[in-house]
> 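Have a look at this one.
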Amino acid sequence: MTRSRITKTLIALSATAAFVGGCGSDDGDDTAGTADKAAIQKGGTLTGYYSEAPDSLDPALASLVNAQTAIFAAYTPLLTYKRASGPEGATLEPGLAEALPTISSDGLTYELTLRDGLQFSDGSPVEASDFEYTVKRLINLQSFGVGYYLGIDGAQKYADDGKEAGDISGIEADDATRKITIKLAEPDAQFSYKLALVYAGIVPSGTPFKDQTKKPPPGVGPFTIEDVKAGESFSFVKSKTFKALPSVPEANADRIDISVVENQRRQAQDVLANKVDFINDPPPADQLRQLREEAKGRYKEFTTNSTYYFVLNVEEKPFDNPEVRKALATAVDEGALARLFSGLLEPDCNFLPPGMTGYKKLTCPFGEPTAKPDIAKAKQMITDAGVAGQEVTVWSDDGDPSPQVANYLADTLNQIGLKAEPKSIDGQTFYESVTDQSTKAQVTVFNWFQDYPHPASFFANVDGNNITKTFNVDIGNVNDDALNALIEEGDKQLDVKAAAPTYEQADKAVVDNAFLVPYGHRKLTVITSDRIAFDNAVFSPVYSLDFASLGLKAAE
Amino acid sequence: MSVLPAASAAVSPWRAALRGVRRNKAAILSVIALALVILSSAGAPLYADHVAKTGPLTNHLSDYIELDGQSTPVVEYDGVPIGPTYTGKYFLGADGNGRDVMVRLLYGGRNSLLIGLSATLLSLLVGGALGILAGYARGATDGLISRALDVLWAFPVILLGSALGAATALGGIQLGPFALSGGSIWLIAFVVGLLNIVYIARPIRGAVLSVGEQAYVEAARAQGAGTFRIMRNEIFPNVSGTLLALFPIILTQAIALEAALSFLGAGVKQPKPSWGTMLDDGIDTLLAAPHLTLVPGGVLVVTILALTVLSDVVRDALDPRGTKTAETLVGAR
């Protein structure tokens, strides 16, 4: 990825991370039990709660995860992710394209063919040229996702020229043959994954270059988004023109009405009392125990493709000393930290999450997450390193449980002989602050949710080529030649499975050198009412709950 | 020097206040409650070191304690902390980070009381000086001070406090040679004190306007006494009763305001304890761990109640004819 792309991606992600809205694999705990899949009844109206309004319901501008979850049900790109729970849901499949792209040997040219007979939800035909228009729209609207597509040859020039009617030279679309040819300025082995992001959900040519949230534009998908009341509610209505694609089934329900209810306590009570059919965000910590006990069979926890970790700035004392970083890693108690997340954290020392290609459970070099940390050993390491008493500031945002994590870490650092203080700052300015080199943040409480299901999305955070003065993705200034080489080697592989061993090595290198200190992967929850066929619901590891999969239980 | 007729002609304001307290059972109970709160807070390090054997910032997330012969986690895996044990360790339970609530309550009391007291002294000092100056000098000086106070008065106190607290949280304040770093409890005391200046300055100005008309002030002026001397020797002694009556009222306000600001995240910064931050710690686990909010909330209520009773008694003692209520003294905002 280029720096500008990474920057834009991270801005979006930093916002989405605050919502912890979604991306999960199904391989975590499942308190729903092992019931057989229930028969589903087609049709009906369902209801659901969002705890925060989506930032936009225009596919070009929806950047928060809860918004993208909605877009996923109504707009299909050329490629898409398999509608399946767990790691399988990260599989790339053809969406509106007939097949996965044919990629030239130099990795620069992608050829796709649009499926025949596709219609937008307003009945108008889908044309190959609509793809180029969709990309132009991203650029003109300055979408958070635009960075993913600026690698297309001519896209940057189109952006720089500022002429709406201009041409993107790297996209050739033939409406007659439905062929789409995309030429990249430089090889990008992850480009197929970017084509499957909801930003590339195709909209008709002529859709205004303005936010269409009030009346979302026609798309191709199981639902259309209608009746939008900004900040309050919107509805999914089953599309009359959509016919199931091999990778995208039709919706089970006729309509899903979503309301924004900020009070998560009320959300939990309403779903428990079957007053609403599902809630998508984690309930308050003090209601988890009740939900775990009373909502068996309709409550699920799943581990997301995310990693929670401590960023150690290797350019700042005392963490420029590898032994100090290792001492910190030795002192961290992953099991203790999981308690701060009310148990919604899978303790682990890997940087890559379990649902990601390239993940291989590491033998944790500084102690297993299930074992008590060796504080005495860590203290000795600090003494030996000659940094005892050095002042350290632990930075975090102010969203729960980050301040509590910062408090824990500061206390732990004090126990091992450093002089640490936590500093929690407003979430709105946190990312900008800690990614600015002038802040000189020594330790940062941080987390990362995947941009797309590819290890490159994670390793950008420790790639020395990404170091910048501001909006520095590599917050810890990790710049290790061996690690950089591994990341480069993995990133250039077109087949992510072939790159898995390389990413495994990179993961091990990050952990062994304590370039950062991962402590777990976030779990999220889904709860439905009794009338929902819970076992049929799909929890995509990329876009969370697949609304099209929700349906009523068939009458017995 | 003469004394305002509003206070007793024979008894000093201090004696009058003390006599009022002695004659009122509720006031005696309040004094006992306050003394307990103050003494126990002062003894926080003793309790932490010798009874609880842990500090206010020390996490015990994955520790276990023996309870009724059973090994019990201080914090359950689902994040719910242990409730009151009524033993040396975790007497009032633990919080979400596994910290001893009793220890934090005592240390929190130190911070809350220290901030309240410092802020009140600052308000009395600056507000009193501004009030005396405005009331005695009158004219342009009075206009300038009064309008500045009007501006301060115009803002809802919590809103202004939150804004000031948030704005200074990172960089602190630099006032000439005096620097208050972000996160320091003295910074919170400064903000709270600043917000309460108006409650002192206004009634004092009013009192000075009245005192300034008295014959003994005229007499002092006729004898050639300077402005400062008149203010010090004639005006101040005659408004000191009002200042004394205002002291517990403002202290009550200061403690409540600090708790409110800390609860909102604009006051004392974590992990330092104060009753306000402890309330904030517990709000997300209100159902599963109610002790986290009930304990600091209860102590806060007792303290505020005791101070309010004392305020009334002191005010009654200094204003036996009952012409001034707390609201008329400080005004309603």
Side-chain angles (χ1 to χ4, degrees), chain A residues 264-265 268-269 283-293 301 332-345 347 369-373 393-396 398-415 420-429 433 439, chain B residues 54-64 73-83 94-100 104 162-163 165-172 181-184 262 264-266 268-273 277-278 280-293:
Chain A
Q264 287 174 279
R265 208 173 291 281
Q269 290 304 325
D286 62 348
Q287 283 182 303
L288 272 173
R289 192 176 279 186
Q290 184 189 9
L291 286 165
R292 282 167 178 149
E293 286 169 5
E301 294 174 4
V332 164
D333 183 349
E334 291 88 345
L337 285 160
R339 286 166 164 83
L340 294 176
F341 290 80
S342 307
L344 292 178
L345 184 88
T370 49
K372 281 282 259 183
T393 303
V394 180
W395 292 73
S396 79
D398 59 356
D400 283 341
S402 298
Q404 290 88 332
V405 173
N407 290 342
Y408 161 81
L409 185 62
D411 180 43
T412 303
L413 291 174
N414 288 329
Q415 283 182 44
E421 279 223 3
K423 192 170 211 168
S424 298
I425 60 172
D426 187 85
Q428 299 287 328
T429 54
S433 300
T439 303
Chain B
T54 184
L57 311 183
T58 311
N59 288 230
H60 297 280
L61 273 162
S62 50
D63 287 2
Y64 285 73
V74 174
V75 181
E76 296 270 7
Y77 191 73
D78 63 4
V80 178
I82 193 170
D95 70 4
N97 277 60
R99 297 172 296 201
D100 191 310
R104 283 181 71 74
S162 302
T168 56
L170 274 184
S181 64
S184 150
S262 297
L264 294 170
V268 174
K269 297 291 170 208
Q270 287 276 9
K272 290 191 189 101
T277 59
M278 290 182 73
D280 185 35
D281 284 343
I283 205 71
D284 285 336
T285 47
L286 198 58
L287 297 179
H291 65 282
L292 294 181
T293 39

> Measuring heavy-atom distances to chain B, does A:L345 have an atom under 4.5 Å in its side chain, in its backbone, in both, or in neither?
backbone
> So if I apply the side chain to side chain contact (heavy atoms under 4.5 Å, CB included) rule between A:D286 and each of B:I283, B:D284, B:L287, which one comes out positive?
B:L287
> Do A:D398 and B:K269 sit within salt-bridge range, that is, some charged N less than 4.0 Å from a carboxylate O?
no
> Which pair of heavy atoms, one from A:A338 and one from B:Y77, lies closest together, and at what distance?
CB-OH, 3.5 Å
> Where do A:Q404 and B:N59 land on the side chain to side chain contact (heavy atoms under 4.5 Å, CB included) test, with the steps shown first?
CA-CA 10 Å; A:Q404 290 88 332; B:N59 288 230; over 6 Å; no
> With chain B as the partner, which of A:Q415, A:Q290, A:R265 has the greatest number of non-hydrogen pairs under 4.5 Å?
A:R265
> Give the member of B:S62, B:G55, B:A289, B:P73 that has the highest number of heavy-atom pairs under 4.5 Å with chain A.
B:S62
> From the options B:T58, B:N97, B:L61, select the one residue that forms a side chain to side chain contact (heavy atoms under 4.5 Å, CB included) with A:D411.
B:T58
> With a 4.5 angstrom heavy-atom cut-off, is it the side chain or the backbone of A:I425 that approaches chain B, or both, or neither?
side chain
> So what's closer than 4.5 Å to chain B heavy atoms on A:D333: side chain, backbone, both or neither?
side chain
> Partners of A:R339 by salt bridge (Lys or Arg N to Asp or Glu O under 4.0 Å), sequence neighbours excluded?
none
> Does atom CD of A:Q264 have more than 12 heavy-atom neighbours, drawn from other residues, nucleotides or ligands, at distances under 6.0 Å?
yes
